Novice: 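My structure is below; once you've seen it, I'll send some questions.
In what follows, chains are A, B, ... by sequence order, proteins preceding strands, each numbered from 1. Keep in mind that what you see is a predicted model, and the values were worked out from it rather than measured. What's counted below: heavy atoms across the whole structure, side chains too, no hydrogens, waters or symmetry copies.
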2 protein chains.
Amino acid sequence: METSISFRYEQLAELIVGMIDNGVLAPGMRVPSVRTVSEQHRISVSTALQAYHLLEDRGILVARPQSGFFVAAAGRGALALPSPSRPRARASTVSICGAVAVLLEHASNSALVPLGCAVPEAAVLQSTRLDFALARAARQHGSRYNVYCAPQGELSLRREIAKRAVRIGHALSPDDLLITNGCTEALMLALTAVAKPGDTIAVESPTYFGLLHTLEVLGLKALELPTDPKRGVNVDALARLLDMEPVAACLLSSNFNNPLGSAMAEADKRALLGLLARHAVPLIEDDVYGDVHFGRARPKPFIALDGGANTIYCSSFSKTLAPGYRIGWMVAGAYTQRVMERKLAFSLCGPVLPQVALADFLASGVYDAHLRRIRRIFQENLVRMTRTIEESFPADTKVSQPAGGFVLWLELPKRFDSRLLFDEALEQGICFAPGDVFSASRRFRNCLRLSVGSGWSDRVENGIRRLGQLAREQLAR
Amino acid sequence: METSISFRYEQLAELIVGMIDNGVLAPGMRVPSVRTVSEQHRISVSTALQAYHLLEDRGILVARPQSGFFVAAAGRGALALPSPSRPRARASTVSICGAVAVLLEHASNSALVPLGCAVPEAAVLQSTRLDFALARAARQHGSRYNVYCAPQGELSLRREIAKRAVRIGHALSPDDLLITNGCTEALMLALTAVAKPGDTIAVESPTYFGLLHTLEVLGLKALELPTDPKRGVNVDALARLLDMEPVAACLLSSNFNNPLGSAMAEADKRALLGLLARHAVPLIEDDVYGDVHFGRARPKPFIALDGGANTIYCSSFSKTLAPGYRIGWMVAGAYTQRVMERKLAFSLCGPVLPQVALADFLASGVYDAHLRRIRRIFQENLVRMTRTIEESFPADTKVSQPAGGFVLWLELPKRFDSRLLFDEALEQGICFAPGDVFSASRRFRNCLRLSVGSGWSDRVENGIRRLGQLAREQLAR
């Protein structure tokens, strides 16, 4: 499993981050010397040094010649966290299509500094091994796979995904799985399996705009749930809402809400599952960011906590390996037959060769090392992005502290207008996501999401600085 | 275009088939000598001979040593055509999921003689060039395409499809096109763009069961239209029905209805378009079989006759090149924005590399020769299948005379039960499609569909003979 094969210097680095997070090590404080920690933890000096250099790279420690390593002064938490959301306690019809289309059009424009779209860049993903597996499958077995595959997807891929399920803490067999066209199709199939037009779906607030768009097109209403930027959905508030309003399903991120990067504690997840079970409300969970965790252990998704009794699990490889392959999967439990009927009726089955290639790639055993690499890149990005925001945005800007993923959520004073900033930024060749598209009731106009799915670069850093300056200018007007 | 690059011997062969069809040449009659036709048509003797051998291969002519070529005695039309359908004039809710799932499960079982599923076999499709294009794209440009593409699909592929549009008689630009996950997704997007649950969709009777399944899952009702096995939908009957019942859309095959192989005359198509326009009922057309035409010219789809004013055109490469690639496309005209919103909400976009590979393949210019080859194979299959049915099924069996495609529709006496035959045939290792799944009101229990998407073989021929024998035995009981 993850823990046993992660490197010792990474374990040490995480330990130190933990000590900073819980205040044992304060900004500016000298951290124990390399020699001390190597003795304390029975590791070599070079391993300890490697950990310190890693944290230096991430901007968490600074090295001072002849003095050792110190906790970076402008480190974590110089800016406050965004406020927990307090949406109105009523379901709203969604009307967001136009705004989403405009955003996506700009987000795919490669001439703009790409802070708008939460998609990892191909250069970071390094999918060469996967692409070569596809080339091999096409060359050697093209004819064999030029058929409709089963609607649940290629068996070899379902086998590999089932094998990996131990990592999310939930045993799966290939028969439990359905391969989809990315997580978007999985969520759509899940929603149509449990709800009909006019029904209400409870979602986090803020939540991913693509999800709101899907609700709108399916004629579903959104009930926005109070959500904390670190602890996720407020279970007590959900309990009160369920007593007031009929809800057809709850649709939540398993871990690392987009855009907040929040993760619910396991106890809260269990409380939420119990609550939903009592109300017979199914939970649809979106776990696309679960593998991009910064803590040592991957937080469990809901399905691992209720055994799938009341849960439809959805995920994909789009955030960690191959957005261009469009491969997602789902575990629909009690809803499997309804979901399969919909898959068959809506798209018959997916293309076969990409599935065969991905099965091949997963079987090769390199995916875990790949995940470690991209986690490191994204965590470094977020540290650097936070630092850049601290240096360039208005001092009262609040910023999220994600436990995973690669986006940050910024909250500015109420009078700030992120739509105005959006227009100004586009003129200067910078794209980001304005806050109002993350809410069915178009809240969060004073917020914005910045995403860095690429490697860190001057272009990205200067783009963020420029945004900060524009925000300061707007508030000074 | 097609005509100018098709081979002269094929033109001659079609001419002779036409003379047989319209009775100028009767069964048993001697056809003009090779020398005579070569002089008449100013072609070489070897070209004329090639045409005669082609027709001999297809079972249309027989060669008698020292006497020349004769129209085959048991040729076309020895069995009567199925009756035009007379469905009830009321929309019905559809309840077919279970039957379709059972059929598909058996249809994908390679241990059975595959007469059940209307899908061309990989060995016939010979997709090596396409597979190599995919391998090349993955190896050389994998990283470049490891991104979400635009929801309307890869521009290079839309360009190639637009270039080919001249062959269907309708000018298109890449912006008019949306790439889909096969024709199934195209039809689903079209249906959800024009209709809401509870609405009625007018369809041919019989029609493709997958379509009925999609209607059921979308909560749409089916209004079955009287359909002639050669001339397709009865426009007068449709006119009467439109006066009686509100219809949200009409969903028809452009050419070669599955299972009948019927094709409406161009005048009837125009009349139908006029009628629908007057009632403001949009037409969704499914043209997946249009390129598998047996006549010289490709019959025009509806969109070429109304310029797309009231038409949503859907097609795919699944019946002619690559079922495993799952690439379809649609032209949604006035509904483009609604369709695009749905594509984005339901599956975001399709996988990129298969689209790039297909664009490459189409640009290479070999697709037309490929189409000529598979048309020849499928036409020969149908002639041989018809002959085998004549020899083995009950004498009062009626059989369709498709103008394209690769399926035959058989009608047996009313007391015949194709479900019973289905169960008996499965026990003997043979799969076909029983008639009742082609109707929302589960008519056609005395009918069945046989599909031969493979090359002709003893296994296929013996499978059909065995079915014929089982049918005779059932009727004799």
Side-chain angles (χ1 to χ4, degrees), chain A residues 97 100-101 104 108 117 119 121-123 125-128 130-132 134-136 138-139 142-151 180-182 184-185 188 192 196-197 210 213-214 216-219 318 322-327 340-342 344-354 357, chain B residues 97 100-101 104 108 117 119 121-123 125-128 130-132 134-136 138-139 142-151 180-182 184-185 188 192 196-197 210 213-214 216-219 318 322-327 340-342 344-354 357:
Chain A
C97 278
V100 169
L104 287 180
S108 63
C117 199
V119 58
E121 206 179 58
L125 294 174
Q126 298 183 1
S127 61
T128 314
L130 174 61
D131 295 329
F132 276 39
L134 178 58
R136 202 164 45 239
R139 242 173 227 283
S143 178
R144 176 171 153 207
Y145 293 116
N146 192 12
V147 293
Y148 296 139
C149 78
T180 57
N181 190 77
T184 303
E185 193 193 30
M188 186 274 272
T192 56
K196 56 181 193 312
H213 177 70
T214 302
E216 175 176 355
V217 171
L218 292 175
S318 299
Y325 277 60
R326 303 300 298 128
I327 299 182
M340 283 275 292
E341 282 171 6
R342 274 150 188 79
L344 204 56
F346 295 166
S347 70
L348 201 56
C349 59
V352 195
L353 286 169
Chain B
C97 278
V100 169
L104 287 180
S108 63
C117 198
V119 58
E121 206 180 58
L125 293 173
Q126 297 184 1
S127 62
T128 315
L130 174 62
D131 296 329
F132 277 40
L134 177 58
R136 202 166 45 239
R139 242 173 228 282
S143 177
R144 177 172 151 206
Y145 293 116
N146 193 12
V147 293
Y148 296 137
C149 78
T180 58
N181 191 77
T184 303
E185 192 191 31
M188 186 274 270
T192 56
K196 55 183 193 310
H213 177 72
T214 302
E216 176 176 353
V217 171
L218 292 175
S318 299
Y325 278 60
R326 303 299 299 128
I327 299 182
M340 283 274 293
E341 282 169 8
R342 276 151 186 78
L344 204 57
F346 295 165
S347 71
L348 201 57
C349 59
V352 195
L353 287 169

Novice: Calculate, to the nearest 0.5 Å, the distance between atoms CG and NE2 belonging to A/Leu348 and B/His213 respectively.
Specialist: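 Rounded to the nearest 0.5 Å, the CG-NE2 separation comes out at 9.0 Å.
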Novice: Hey, are the side chains of B/Asp131 and A/Leu353 touching, using non-hydrogen atoms and a 4.5 Å cut-off?
Specialist: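 Answer yes - side chains close enough.
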Novice: Using modelled atom types only, decide if a donor and an acceptor are shared between the side chain of A/Arg326 and the backbone of B/Ser347 within a distance under 3.5 Å.
Specialist: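 Yes, A/Arg326 side chain to B/Ser347 backbone: donor-acceptor pair under 3.5 Å.
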Novice: To the nearest 0.5 angstrom, please state how far the OG atom of B/Ser143 sits from the CG atom of A/Leu130.
Specialist: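 The distance works out to 11.5 Å.
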Novice: Among B/Ser127, B/Ala138, B/Gly182, B/Ser318, single out the residue with the greatest number of heavy-atom pairs under 4.5 Å to chain A.
Specialist: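 That would be B/Ala138.
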Novice: Counting heavy-atom pairs under 4.5 Å with chain B, which one of A/Thr128, A/Val147, A/Leu134 comes out on top?
Specialist: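 Looking at each of A/Thr128, A/Val147, A/Leu134 in turn, A/Val147 comes out on top.
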Novice: Quick check for you: among B/Leu218, B/Thr184, B/Ile327, which has the greatest number of heavy-atom pairs under 4.5 Å with chain A?
Specialist: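 Between B/Leu218, B/Thr184, B/Ile327, the count favours B/Thr184.
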Novice: Do you know which of B/Ala357, B/Gly219, B/Gly350, B/Cys149 has the most heavy-atom pairs with chain A at a distance under 4.5 angstrom?
Specialist: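 Between B/Ala357, B/Gly219, B/Gly350, B/Cys149, the count favours B/Gly350.
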Novice: Compare every heavy atom of B/Met188 with every heavy atom of A/Ala345, then report the nearest pair and how far apart it is.
Specialist: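 Distance-wise, the nearest heavy atoms are O-CB, 4.5 Å.
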Novice: Using non-hydrogen atoms only, which part of A/Leu344 is less than 4.5 Å away from chain B: side chain, backbone, both, or neither?
Specialist: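 Looking at A/Leu344, backbone and side chain both touch chain B.
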Novice: Treating A/Asn146 as the side-chain partner and B/Gly324 as the backbone partner, does any N or O pair qualify as donor plus acceptor under 3.5 Å?
Specialist: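 Checking the backbone N and O of B/Gly324 against the side chain of A/Asn146, a donor-acceptor pair under 3.5 Å is found.
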Novice: Quick one: which of A/Pro323, A/Ala123, A/Ala150, A/Gly142 has the most heavy-atom pairs under 4.5 Å with chain B, could you say?
Specialist: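 Most heavy-atom pairs under 4.5 Å with chain B: A/Pro323.
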Novice: Does any heavy atom of chain A fall under 4.5 Å from the side chain of B/Phe346, the backbone, both, or neither of them?
Specialist: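 Both parts, heavy atoms under 4.5 Å.
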Novice: Under a 4.5 Å cutoff for heavy-atom pairs, which residue among A/Arg342, A/Met340, A/Gln126 has the most contacts with chain B?
Specialist: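 Among the listed options, the one with the most contacts to chain B is A/Arg342.
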Novice: Do A/Asn181 and B/Cys349 make a side-chain contact, defined as non-hydrogen atoms from C-beta onward lying under 4.5 Å apart?
Specialist: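 No, their side chains stay 4.5 Å or more apart.
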Novice: Given that the side chain runs from C-beta out, which part of B/Leu125 has a heavy atom under 4.5 Å from chain A: side chain, backbone, both or neither?
Specialist: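 Side chain only.
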Novice: Where on A/Tyr145 is there a heavy atom nearer than 4.5 Å to chain B: the side chain, the backbone, both, or neither?
Specialist: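 Only the backbone of A/Tyr145 comes within 4.5 Å of chain B.
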